Amino acid sequence: MAQLWGGRFTGSINELAWDFNASITFDKRFLEVDVKGSKAHATMLAKQGIISEDEKDQIVKGLDSILEDVKAGKLEITTKYEDIHSFLEANLIDRIGDAGKKVHTGRSRNDQVALDMRLYARNEIEHTAELLKKTLEVLNGIMESNIDTYMPGFTHLQKAQPVTLAHHVGAYFEMFKRDLLRMKDIRNRMNYCPLGAGALAGTTYPLDREYTAELLDFYGPTLNSMDSVSDRDYLIEYLSALSTIMMHLSRFSEEIIIWNSNEYRFVTIDDAYSTGSSIMPQKKNPDIAELVRGKTGRVYGDLMSLLTTMKGIPLAYNKDMQEDKEAAFDAIDTVDNCLTLFTDMLRTLKFNKDNMEKSAMMGFTNATDAADYLVKKGLPFRDAHSVIGRLVLACIDKNCAIDDLSLEELKTFSDLFEEDIYDAISLKTCVEKRLTIGAPSSTSIEKVIKLNNDFLASFSIS
Ligand code: ARG
C-alpha cells in the first residue's frame, strides 16, 4: 500500500477497507488527463514563482516519462496505489525526487479529480458528437436515395398513410440532430476549470486560475470553490443525453427488428450484423439491434445511479462522489459501442423497396386521400369518411386495394367517383400532394435534405 496520507495515523488500514476505498481499478482511465492537468498546474505554479522553472521542467518530463512507460507496458498501474493520483505522484517522486513532492502544491485530490472528470467527459462528449455526426451522414444518405421509396406510415403500428423511406428516416435525422446539439450545449456549459478550488476553500498560494484554465482549453475558471469540487451536474446532463440517444437507438432498433421480420421483409440486415441459431438452421436473428434495445436499460440505470448518489451529499466533497466514475464510464462505453455498431448496421442495411411499396398499396394507406377526393367533389368530410369506411370493409372482404375496384364498383358507394379517382389515390399523388415543409413530398424532402447537408457541413462542437 502506497498512500499519500499517513502522518496522522498510528494504526494501519484494514485490508478490505483499503480495497473498498480504492478507485485505481477504474480511475486508471484518467492517466492521460491527470498527467495533462498536473503539467498545466506545474506550469502555472512556475509562472507564479511558486516552484522554479527547473522544478516545473523536471515535473513535466517525469510525468511524460511515466505516461510513456505505462503506454509501452514497462510500468504497471497496480492496486498498491489507492487511485491514479497517488500512482502518478508516487512514481513521479521515485523518478525526480524532491521536485516531485511539489506537484501537489496548492492542489487537493478533490479539485484534481474534479478536473480529471471534466477533461475526460469533455473528450467523450466530443467523441459522442463525432459518432452522432456519422450517424446523421448515413441517415441523410439513405434519405437522398429514397425520396420516392413508398412505404406505409404507421400509427398504433397500423398502416396509416403513405410516406417515403426518406421521410421515415428523416424523423430519426431530427432526433439524432437534437442529440448532437445537446452535446454542444453540455460542452458549452461545463467547459470551466475547477483546478485551484483546493479541497473546498481555494488556497493561500497566489495561483493564476485563469492561466491554468487557458492552458487546458477551458473558457475560464469556475467561480465557487465549494461548487467546483462538488459539481457533477454536467455528468448528469451528459448521462441524461446519452439515455436519450439510447432511447432513440432503441426505437429505431425496434423498427428494424419488425421490418426484418418474416412478415414484413422491409429490410435485410447484413450478415455482419446478424447471428444464427444453434438449433434452427434457417434462423438469421437481428441480435445487434436487439442488444442495442436491451442496453438502453443499462444506460438509464447508470443515470439513475448517479442521480441517486448525488442527491443526499452535503457540500463539499464526500467520498460518495467516487461512485460517479463507474456509472459514467459504463454509460459512455455502452453508447460508444451502440452508436458505432448501429450506424454500421444501418449503412449496410438493404431496403426491400418492392415489399415496402406493396405493403403501402395493400394497407388502405390512401383511404384518407380517397375521402378527401369525395370532399373536393362536394361531400362533407364526415359523410366521405363513412363512404370510404364502407368501401374499405368491402375491399377487406375481397382482399383487394381501393385502386383494384372498377369505376362501376366504386360508383355503387358514391356517384361522385370519376375516372380521376385512380390518379388521386395513387401512392405517388398521396405523397406528392403533401407539400408543406416537414411533409413527405419530394419537394419538401429535397429542401430538408439540403438543410441537413448545410447543418452537417457547418456543425462544430465548440
Ligand atoms: N478517488 C477519489 C474520487 O474519485 C479522489 C478524490 C479523493 N479525495 C478525498 N478527499 N479522499 O473521488
Side-chain angles (χ1 to χ4, degrees), residues 1-9 11-38 40-41 63 66 70 77-93 103-124 190 193-203 212 222 224-236 238-239 302 305-333:
M1 294 173 198
Q3 64 224 28
L4 295 175
W5 36 272
R8 186 224 180 280
F9 289 76
S12 52
I13 190 164
N14 169 288
E15 219 172 293
L16 186 57
W18 170 266
D19 290 343
F20 188 70
N21 182 59
S23 52
I24 188 117
T25 51
F26 47 89
D27 68 18
K28 60 183 174 192
R29 278 193 197 220
F30 285 162
L31 177 75
E32 287 195 37
V33 287
D34 203 273
V35 165
K36 186 173 171 169
S38 291
H41 183 64
L63 288 168
I66 296 171
V70 174
I77 302 176
T78 69
T79 53
K80 189 175 139 202
Y81 305 94
E82 183 183 334
D83 51 29
I84 192 67
H85 325 298
S86 321
F87 166 82
L88 278 165
E89 193 174 319
N91 277 278
L92 187 65
I93 295 169
V103 68
H104 210 53
T105 314
R107 187 176 70 172
S108 157
R109 274 187 298 168
N110 297 352
D111 58 344
Q112 189 176 0
V113 79
L115 172 71
D116 288 4
M117 197 37 139
R118 258 177 218 249
L119 287 174
Y120 182 83
R122 189 176 67 183
N123 284 341
E124 291 301 326
M190 61 87 81
C193 183
L195 203 63
L200 77 162
T203 76
T212 317
T222 51
N224 181 293
S225 61
M226 294 179 78
D227 177 54
S228 308
V229 292
S230 315
D231 168 32
R232 298 292 183 274
D233 289 7
Y234 67 91
L235 215 49
I236 290 171
Y238 184 28
L239 262 58
D302 292 326
S305 157
L306 184 58
L307 277 168
T308 313
T309 297
M310 294 305 294
K311 89 182 203 6
I313 306 183
L315 293 179
Y317 178 85
N318 293 259
K319 197 59 174 260
D320 316 39
M321 289 163 75
Q322 180 165 287
E323 288 293 311
D324 63 352
K325 290 169 201 60
E326 286 160 295
F329 296 162
D330 184 68
I332 292 166
D333 291 350

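As the structure lists them, so they are numbered: ligands from 1, and atoms in each ligand from 1. All values reported here derive from a predicted model rather than from experimental measurement.
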Tell me: protein heavy atom nearest atom 11 (N) of ligand 1, and distance?
-> R109 NH2, 3.8 Å

Yes or no on side-chain contact (heavy atoms from CB on, under 4.5 Å) for M117 and F30, after CA distance, side-chain angles and deciding distance?
-> CA-CA 8 Å; M117 197 37 139; F30 285 162; 3.6 Å; yes

Return a yes/no value for H85: is any of its N or O atoms, backbone included, closer than 3.5 angstrom to an N or O of ligand 1?
-> no

Is H104 close to Q112 at the side-chain level, that is, under 4.5 Å between some pair of heavy atoms?
-> yes

Report yes if some heavy atom in the side chain of S86 is under 4.5 Å from a heavy atom in the side chain of R109; otherwise report no.
-> yes

Quick look: E82 vs ligand 1, heavy-atom contacts under 4.0 Å, and the answer is neither

Ring-face cation contact, F329 with R29, 6.0 Å cut, 45° max = yes

Which atoms of ligand 1 sit under 4.0 Å from any heavy atom of Q322?
-> 1 (N), 2 (C), 3 (C), 4 (O), 12 (O)

Around atom 3 (C) of ligand 1, find the nearest protein heavy atom and jot down its residue, atom name and distance.
-> Y317 OH, 3.2 Å

Under a 4.5 Å cut-off applied to non-hydrogen side-chain atoms, are F87 and I66 in contact?
-> yes

Closest protein heavy atom to atom 4 (O) of ligand 1, given as residue, atom name and distance to 0.1 Å = K325 NZ, 2.6 Å

Counting each atom of ligand 1 from 1 as listed, which ones have a heavy atom of N110 under 4.0 Å away?
-> 8 (N), 9 (C), 10 (N)

Within the side chain of D111, is there an N or O that forms a donor-acceptor pair under 3.5 Å with the backbone of G198?
-> yes

